[in-house]
Each structure stands twice: as C-alpha cells, then as structure tokens.
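As the structure lists them, so they are numbered: ligands from 1, and atoms in each ligand from 1. What you see below is based on every heavy atom in this structure, not just the backbone, and it leaves out hydrogens, waters and symmetry mates. Keep in mind the model is a prediction, meaning the values are calculated, not measured. Throughout, residue positions are numbered sequentially from 1 according to the sequence presented.
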Amino acid sequence: MTGDEHQQGAHLAVHGLEKTFQGGGAALTVLSGLELEMNRGDQLAITGPSGSGKSTLLYIVGTLDEPTAGSVKVAGTDPFTRDESGLADFRSAEVGFIFQDHHLLPQCTVLENVMIPLIAAGGVDATGEERARSLLDRVGLSERSGHLPARISGGERQRVAVCRALINGPSLLLADEPTGNLDQETAEGVGTLLLELSEERQAVLICVTHSLELASRFPRRCELTAGRLVDVGAAE
Ligand code: ADP
Ligand code: MG
C-alpha cells in the first residue's frame, strides 16, 4: 500500500450502506449495514441469489442510484454531495459500467460505440479516437472497428462494451453479469480481459457473476447475503 492510500483510506470505501425501496405498500430493505473497502487494482467477484441486491449495490457504487443511508466515498470524497451535473461528471470520469446486455448503439460502428463516452467527457478529438483504436487493438478487434454491432459476434460485442467502459480511464470498473449471455469459452475470454485490463489500469474491479468458474479467478470473492457482503474462501 502506498503512503497516499494510508493517508486517504481505501479508494472505494462503503460504510453502513442501507438501501430500502419504497412503493407498492411494503418497504423492501435490500442492503443493510454493508461494508466494503477496495484499493486501486483490487478485484472482487460478487455472487448471490437473484434478488439479493447485487445490481443495486453496483448502481449505488456507480452513483446510478442513491443510498438510503450510510456512506460511499471514492478517493476520500462522497460523490453524492454533488448536484446532478456534478454526478454526471463524476460518472463520466470515474465509472465504467458493463452490463449483461452490451447496450451498444445499433446504428453506430464499433469504433463510434467505443467513443460515445468521450462526448460526455468533453468531446471527441484525435487523441480520443487514438485511445479508442488502441483499446480495440488491445482486445483484438482492430479489424472490426468499422462494423455495426449486428455484424459481430456476442463475445465481440461484449469486448466492445469493455472498451467503451474503459475509454475515459475510470477508476471504478463495474460489471453486472458481464458474461451472462455468453457461452463458456467466450465468457472465459471476456473474464480474462476484465481481469487483465483492470490490473493494467489499476482500476477497482467489481464483477457480479453467477459463474463460479469466473468468480474463482478473482483474488477476492464475496457473497451478498442478508444485505451484506460476506467473504467466501477459495472455490472448491
Ligand atoms: P440482484 O441483482 O441481486 O438480482 P437487484 O439488486 O436487482 O438484485 O434487486 C434486489 C431487490 O430489490 C429485488 O427484490 C428487486 O425486485 C428490488 N428492486 C430493485 N430495484 C428496485 C426498484 N427500483 N424499486 C423497487 N424494488 C426494486
Ligand atoms: Mg442483478
């Protein structure tokens, strides 16, 4: 751990996190007293039954949803003290999301899809395009940069989504069942990319997955149960 991290605490620090959904009569508490600390370069796989709050946790860490109580700090400051446009800036600079469905724009090419987050971050310039091309090269898709998403395979689309998530150099890489729609072999390749790229960039990687095979490749694994994260040992 560097001296800076000693002074500042973990890059991501979540304490006493609570999330209760209102509506439809009864309130539903999904997260309760959840604790999580991660330094840059840390990689965590989260498993847990459907409905246990895994996506809710990722959305809150990524500031797409607000906690009911508790604190979330990134690099020592609470992003939720920002106004709506400040939050959008925070997400654009610090957060890369990868979902089960790639959410690529069908009318845009592979290269254009990777560059879309540059627009929110201040515009597309030559260096932005260069970064997009080098990311596509890194994931083995240089030859596909001019294709539309419909013309590439499911695994390739997910690799494009990984590039798009990384284009602004986020410190938090949040993946919600990123291999859920892929066959075993393709899933393995996407999992490898997430692990390698987050390490190269020293991003915090949090990956929700149903795949015990994928989870077993992470240095740290937790199960989300009863609203909290519980560390689980090496997969049997
Ligand atoms: P997981 O990703 O682990 O399957 P989720 O985080 O998506 O679980 O959801 C946890 C629980 O919270 C579920 O019971 C879900 O129905 C509920 N939930 C999620 N989002 C909302 C919402 N916006 N309003 C009400 N309930 C929600
Ligand atoms: Mg989910």
Review point. In ligand 1, which numbered atoms sit nearer than 4.0 Å to a non-hydrogen atom of Leu28?
Key: 12 (O), 14 (O), 17 (C)
Review point. Would Thr20 and Thr68 count as having a side-chain donor-acceptor pair, cut-off 3.5 Å?
Key: no
Review point. Does the protein put a heavy atom less than 4.0 Å from atom 16 (O) of ligand 1?
Key: no
Check your understanding: Hey, which atoms in ligand 1 end up nearer than 4.0 Å to a heavy atom of Val30?
Key -> 10 (C), 11 (C), 12 (O)
Review point. Between the side chains of Arg217 and Thr192, does any donor sit under 3.5 Å from an acceptor?
Key: yes
Check your understanding: Is it true that the side chains of Glu94 and Ser171 contain a donor and an acceptor less than 3.5 Å apart?
Key -> yes
Review point. Between Thr29, Thr56, Leu28, which is the residue that forms a side-chain contact (heavy atoms from CB on, under 4.5 Å) with Lys19?
Key: Thr56
Review point. Side chains of Asp78 and Thr81: donor-acceptor distance under 3.5 Å anywhere?
Key: no
Check your understanding: What part of Leu224 sits under 4.0 Å from ligand 1 if we count only heavy atoms: the side chain, the backbone, both or neither?
Key -> neither
Check your understanding: Under 2.8 Å from the Mg ion (ligand 2), is there an N/O/S atom belonging to Ser55?
Key -> yes
Check your understanding: Evaluating non-hydrogen atoms only, which member of Gly51, Ser52, Gly23 is closest to atom 4 (O) of ligand 1?
Key -> Gly51
**Study point:** Non-hydrogen side-chain atoms of His103 and Arg164 separated by less than 4.5 Å
**Key:** yes
Review point. Do His15 and Glu37 have side-chain N/O donor and acceptor atoms under 3.5 Å apart?
Key: yes
Revision key, fill the gap. The answer for which part of Thr56 has a heavy atom under 4.0 Å from ligand 1 is both
Point to revise | For Gly53, atoms of ligand 1 separated by under 4.0 Å from a heavy atom | key: 1 (P), 3 (O), 5 (P), 6 (O), 8 (O), 10 (C)
Review point. Taking both backbone and side-chain atoms of Phe21, is any N or O found less than 3.5 Å from an N or O belonging to ligand 1?
Key: no
Check your understanding: Any idea which atoms of ligand 1 are less than 4.0 Å away from a heavy-atom of Pro49?
Key -> 3 (O)
Point to revise | Heavy-atom nearest neighbour in the protein, as seen from atom 7 (O) of ligand 1, with distance rounded to 0.1 Å | key: Ser55 CB, 3.7 Å
Check your understanding: Just wondering, do Arg144 and Leu136 contact through their side chains at under 4.5 Å, heavy atoms?
Key -> no
